[in-house]
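Note that ligands are numbered from 1 as they come in the structure, with each ligand's atoms numbered from 1 the same way.
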Amino acid sequence: MASPAQPVDIGRFARDVRAGDRGVLSRAITLIESKRADHRRSAAALMQALIEATGHAVRVGITGSPGVGKSTTIDALGSMLTKQGHKVAVLAVDPSSRRTGGSILADKTRMARLATDANAFIRPSPASGTLGGVAAKTRETMLLCEAAGYDVVLVETVGVGQSEIAVADMTDFFLLLMLPGAGDELQGLKKGVVELADMIAVNKADGDNVGRAKAAAAEYRAALHILSPRSPNWSPPVVTYSALTGDGIGELWARVLDHREKLNASGELAARRGEQQVKWMWAMLEERLFEPLRSDRSLRTALPKIEAEVAAGRVAPATAAEQIADMLER
Ligand SMILES: Nc1nc2c(ncn2[C@@H]2O[C@H](COP(=O)(O)OP(=O)(O)OP(=O)(O)O)[C@@H](O)[C@H]2O)c(=O)[nH]1
Ligand SMILES: [Mg+2]
């Protein structure tokens with residue numbers, strides 16, 4: 001992997017990112033992913049230098065169970081959009097992934113068209129770490145891509161743990177993909193995720209599946225009725241499509257744009273983004289404050305013992321918290 005820029009001339013680096021060169025963009029992402037303290041300072045300065053160049057992209061989060069067709073959908077949707085003249089960045093939040101075997105990398109075969117598309121940029125999930133850390137890096141990567149001229153950002157997440165919430169918190173539109181075959185699927189619906197969804201799209205509506213996909217869509221529509229919508233300006237639609245044939249992909253995107261128009265007009269989009277930004281500030285601060293708990297060797301060895309004492313009821317939680325705080329301040 002290319003090493004992050006040496007002593008960094010931030011102004012120049014920022015200009016180069018804005019010029020849209022992919023190699024420079026990759027180096028900038030490597031810099032923000034670095035854990036070194038001096039890199040971290042440079043990264044923060046770079047983000048600050050680029051802040052005015054960010055924010056213009058349509059940000060879409062995509063989730064759904066393994067095999068539902070997220071990658072195939074991103075390939076179909078992304079290549080439709082680059083044909084329309086858009087520049088599309090594809091990112092992922094997968095706290096379980098490893099740099100060398102990240103699912104999105106393996107997935108490049110499922111994104112065959114985008115992988116060779118000059119107007120698409122695919123970046124795998126940052127290497128495994130805490131969800132907070134992985135998500136923060138992905139969010140900054142999204143901003144770097146925007147500064148580099150990408151006007152559509154698609155963020156894929158596997159449905160593990162809280163990653164959907166993190167992705168919903170960095171995007172404007174959260175898309176939940178489902179499979180045909182309503183009955184069982186409906187039971188598998190994670191309520192928290194459905195409540196975040198701005199649209200449910202039933203994939204694989206092709207061949208023999210068309211009827212089942214429509215039936216599934218009808219069931220989801222009924223299910224959505226009893227949930228209170230995330231936005232007063234938008235009722236999440238349920239659509240069917242096929243990532244394989246491309247049928248319905250255009251309509252799917254039209255809904256995303258419709259949502260954008262409505263939330264823009266009402267001011268909700270700007271408000272949502274503002275709230276997200278503040279949330280991210282706190283998330284990053286929290287991540288940073290907790291960092292010594294993970295990296296400081298004496299703390300790392302002491303913590304399990306303290307935990308054991310607390311679990312056994314020998315040390316009061318309040319005493320232990322004091323103890324840890326003291327160690328952090330030393
Ligand atoms: N018939 C049909 N098959 C599809 C469609 N979309 C995806 N598939 C197939 O479903 C399988 C899984 O697709 P992926 O795009 O890899 O799914 P994913 O959600 O990214 O999977 P993970 O990354 O493993 O979570 C592949 O064999 C695809 O060819 C579709 O619209 N119709
Ligand atoms: Mg995939």
Side-chain angles (χ1 to χ4, degrees), residues 60-81 88-117 120-128 131 134-135 138 141 153-168 171 173-182 184-185 188-190 193-194 196-197 199-217 220 238-253 255-256:
V60 179
I62 299 176
T63 194
S65 30
V68 70
K70 297 179 291 294
S71 304
T72 312
T73 300
I74 288 171
D75 195 48
L77 181 60
S79 30
M80 178 191 89
L81 292 170
V88 178
V90 178
L91 312 177
V93 173
D94 178 1
S96 64
S97 88
R98 305 222 159 259
R99 173 71 68 188
T100 47
S103 56
I104 229 181
L105 269 191
D107 263 8
K108 279 203 173 180
T109 51
R110 291 267 152 72
M111 295 193 273
R113 279 172 289 179
L114 276 192
T116 56
D117 189 327
F121 180 83
I122 302 177
R123 182 83 182 183
S125 176
S128 59
L131 170 63
V134 168
T138 303
T141 298
V153 181
L154 306 175
V155 188
E156 173 175 347
T157 186
V158 289
V160 290
Q162 303 290 302
S163 60
E164 288 110 338
I165 296 172
V167 171
T171 51
F173 190 95
F174 194 62
L175 173 59
L176 173 60
L177 303 186
M178 301 293 275
L179 291 170
D184 322 332
E185 279 290 313
L189 275 186
K190 286 195 270 172
V193 175
V194 176
L196 291 174
M199 172 160 71
I200 292 181
V202 182
N203 186 26
K204 310 197 184 184
D206 46 47
D208 294 345
N209 275 333
V210 175
R212 292 203 306 142
K214 291 212 166 107
Y220 297 140
V238 181
V239 302
T240 62
Y241 74 107
S242 167
L244 204 62
T245 65
D247 279 349
I249 284 274
E251 290 77 1
L252 187 152
W253 187 249
R255 302 292 185 125
V256 175

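In this structure, a donor-acceptor pair under 3.5 Å is present between the side chains of Ser242 and Asp206.
To the nearest 0.5 angstrom, Leu176 atom CG is 8.0 Å from Ser65 atom OG.
Among Gly67, Ala243, Gly248, the residue whose heavy atom sits closest to atom 12 (C) of ligand 1 is Gly67. Comparing Asp206, Ile74, Asn209 against atom 32 (N) of ligand 1, the shortest heavy-atom distance belongs to Asp206.
Smallest separation of non-hydrogen atoms from Asp94 and Val134: N-CG1, 4.2 Å. Across Trp253 and Met80, no two heavy atoms sit closer than the pair CB-CE, 3.7 Å.
Both the backbone and the side chain of Thr72 come within 4.0 Å of ligand 1, counting heavy atoms alone. Looking at Val68 against ligand 1, both its backbone and its side chain come within 4.0 Å, counting heavy atoms.
Not one N or O of Thr73 is nearer than 3.5 Å to an N or O of ligand 1, by distance alone. In terms of N/O distances under 3.5 Å, ligand 1 is approached by Leu244.
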* To do: Take Lys204 and Leu179 through the test side-chain contact (heavy atoms from CB on, under 4.5 Å) and record every step on the way to the result.
  => CA-CA 7 Å; Lys204 310 197 184 184; Leu179 291 170; 3.7 Å; yes

* Stepwise side-chain contact (heavy atoms from CB on, under 4.5 Å) check, Leu252 with Leu175 -> CA-CA 10 Å; Leu252 187 152; Leu175 173 59; 4.1 Å; yes

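Counting atoms of ligand 1 from 1 in the listed order, those under 4.0 Å from a heavy atom of Glu156 are 20 (O), 23 (O). Atoms of ligand 1 lying under 4.0 Å from any heavy atom of Pro66, numbered from 1 in the order shown and given with element: 25 (O).
Coordination check, Thr72 versus the Mg ion (ligand 2): failed, since every N/O/S atom of the residue sits at 2.8 Å or beyond.
Side-chain contact check for Tyr241 versus Asp247: every heavy-atom pair is 4.5 Å or farther apart.
Nearest N/O/S atom of Glu156 with respect to the Mg ion (ligand 2) is recorded as OE2.
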